[in-house]
S.K.: 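My questions all concern the structure below.
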Amino acid sequence: MAHGVGIFPEPINEPVNSFAPGTAQRDSLRRELDRQQGESVEAPLVIGGRAVRTGRIAEARVPHRHAHVLATVHQAGEAEVLAAIDAARVARAGWAAMSMQDRGAIFLRAADLLAGPWRDRLNAATMLNQSKTCHQAEIDAACELIDFFRFNVKYMERLIEQMQPDVSPRGTWNRVEARPLEGFVYAVTPFNFTSIAGNLPHAPALMGNTVIWKPSPHALHSNAMLMQLFEEAGLPPGVINFVPGDAEMVTRLVLSQRDFAGLHYTGSTAVFRSLWHKVGTNLDQYRDYPRLVGETGGKDFLIAHESADEDAVVTALIRGAYEFQGQKCSALSRAYLPRAMWERIRDRLVSEIGTVRMGDVADFGNFMGAVIHRQSFEKCKRYIEAARESSGSTILAGGGCDGREGWFVEPTLIEVADRAAPCLCEEIFGPVLSVHVYDGSFEEALALVDRTSPYGLTGAVFANDRRAIAAAAEALRYSAGNFYINDKPTGAVVGQQPFGGARASGTNDKAGSALNLLRWTSARTIKENFDPPRDYRMPYMG
Ligand code: NAD
């Protein structure tokens, strides 16, 4: 890392290991996978820096081999949730008083530990717990999380600098203090990215807040390991409290506290809306107006203009829709292609999809693993069955689902004539791509993309004609918070494409940017007068 003019080092993105055959990284990751597959660990809650074992156990299973229990993780009851809230309260004063440099140093250390000795551990845990290939785990659990830690530290420094007033007339000193919120923050995290599980408690903590972290029940093994990383990096007790448990119970207790000051949430839209409603109902009992930050669902699109590069479109369709089994909030799930292009690329696309290998992620030849759990498997199956039964839809590739050993859903391609069909409008969150072939103008297709789904997360336009690109950028201005031109709509990188969407996709506070950190601070303006007046009379009074 280069050192710029500021306090903290200038961050650069963590390089991505290829794990190509013959590399040392591949061998070492394999050894760690074997080690973790050969043992079953037991993970505690962490409250005020203490490991707490309740004896109420949840199992972390391997989605591609669901009989295999990777870890057992203790679950909070009401007493533990209340103890965690107390621990966050007790830790708050000391943490809020700690300097920005000291807080930042802890997360820079976490980044270096993760880039080094923890890399294989967290990658292997993410591969097994969330059924990610080595590449998908590396860009998530290693690179993106390291980037969140390093870039956020720098963004904090710049944000505090930019908050400062422009003018302090002679005799006065004006400044703005970045106070942490007056209370604690509740971080509720999704299964699909270990990096998000780390970022949601980390970002408010970096800004001086203490946090109750409720992890996803479907990523308990990797998330419990992440909590150990925070501790090894030197995070003081009580700053982040790891509280897995029944989501409704934990949430009810947390949201009923007077000093609940903020929610940092990522997950489905319906859950975020229900949390917002609960906060609204409890509003009168809070000290402050809680900050509500939520990144939620998506129905991400690709639209091609007839001038587009067809090979690039085919590749973007496959990578955008099927990497990590379509379980990225940014995953491509609906595409709009002009008929003439469709006639030319359809067979190639179908045959390319036929080459995609799916199976155990410990076999590095596989491009896809399993979907996360039975509910997700059944949901994909329902949409595929509905398409099979609908006269306006044709399943062109995949469509098979086999849940005997693991939750495997084949990469599926559906051609859909009905522009309002559920698989074109609703989030499926699996490897199911719906294609609508348009016969009318590009402009009509743009209007269709914009109005078809309530979401506004990611989207892509493919075109070589610059007028088409400009028309798409204008017509789809609010259809996506992350908009891609001639690129797939997935794979945002911290420091390069700040991520988030509006409409039903969230509050668009852009994870991994200063915009997000701004939500975790409550500014105090301070004016100091070095030479205060000593007579109330004004000059005009003669
Ligand atoms: P989910 O909604 O099932 O769970 C998210 C979190 O909410 C989990 O911790 C869960 O335990 C908790 N939760 C569930 N019910 C709750 C309740 N009643 N009260 C309080 N908490 C509750 O989501 P998931 O399956 O883990 O993740 C997939 C979803 O996340 C998709 O919709 C995806 O689009 C979205 N996502 C969005 C982004 C983004 O940046 N926009 C990123 C990743 C995932």
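Reckoned from all heavy atoms, side chains included, excluding hydrogens, waters and symmetry mates. Start at 1 and go down the list; that is how both ligands and their atoms are numbered.
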S.K.: I'd like the atom pairs linking ligand 1 to the protein - N or O on both sides, separation under 3.5 Å - with distances to 0.1 Å.
M.R.:
from     : atom 1 : to     : atom 2 : distance (Å)
ligand 1 : 2 (O)  : Tyr265 : OH     : 3.4
ligand 1 : 2 (O)  : Ser268 : N      : 2.9
ligand 1 : 2 (O)  : Ser268 : OG     : 2.5
ligand 1 : 9 (O)  : Thr189 : O      : 2.7
ligand 1 : 9 (O)  : Lys214 : NZ     : 3.1
ligand 1 : 11 (O) : Lys214 : NZ     : 2.9
ligand 1 : 26 (O) : Phe191 : N      : 3.1
ligand 1 : 30 (O) : Gly267 : O      : 3.4
ligand 1 : 32 (O) : Glu427 : OE1    : 2.7
ligand 1 : 34 (O) : Glu427 : OE2    : 2.7
ligand 1 : 41 (N) : Thr296 : N      : 3.3
ligand 1 : 41 (N) : Thr296 : O      : 2.8

S.K.: Could you pull out all residues at least two apart from Asp360 that satisfy salt bridge (charged side-chain N to carboxylate O under 4.0 Å, His left out)?
M.R.: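 With sequence neighbours excluded, Asp360 shows a salt bridge (charged side-chain N to carboxylate O under 4.0 Å, His left out) to Arg65, given in chain and number order.
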S.K.: Are more than 12 heavy atoms, taken from residues, nucleotides or ligands other than Arg503, located less than 6.0 Å from that residue's CZ atom?
M.R.: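 Atom CZ in Arg503 is crowded, with more than 12 foreign heavy atoms closer than 6.0 Å.
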S.K.: What side-chain donor-acceptor pairs closer than 3.5 Å can you find for residues 263-272, not counting sequence neighbours?
M.R.:
from   : atom 1 : to     : atom 2 : distance (Å)
His264 : ND1    : Leu200 : O      : 2.9
His264 : NE2    : Asn516 : ND2    : 3.1
Tyr265 : OH     : Ser268 : N      : 2.9
Tyr265 : OH     : Ser268 : O      : 2.9
Thr269 : OG1    : Thr296 : OG1    : 3.4
Thr269 : OG1    : Gly297 : N      : 3.1
Thr269 : OG1    : Ala504 : O      : 3.0

S.K.: With a 6.0 Å cut-off (strictly less than), is the heavy-atom count around CZ of Arg388, excluding the residue itself, greater than 12?
M.R.: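 Enclosed.
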S.K.: Taking the inter-plane angle between the rings of His218 and His373 on a 0 to 90° scale, is it parallel (under 30°), tilted (30 to 60°) or perpendicular (over 60°)?
M.R.: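 His218 and His373: perpendicular rings.
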S.K.: Sequence neighbours excluded, which residues qualify as side-chain contact (heavy atoms from CB on, under 4.5 Å) partners of Asn17?
M.R.: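 In terms of side-chain contact (heavy atoms from CB on, under 4.5 Å), with neighbours along the sequence ignored, Asn17 is linked to Phe19, Gln25, Arg119, Glu138.
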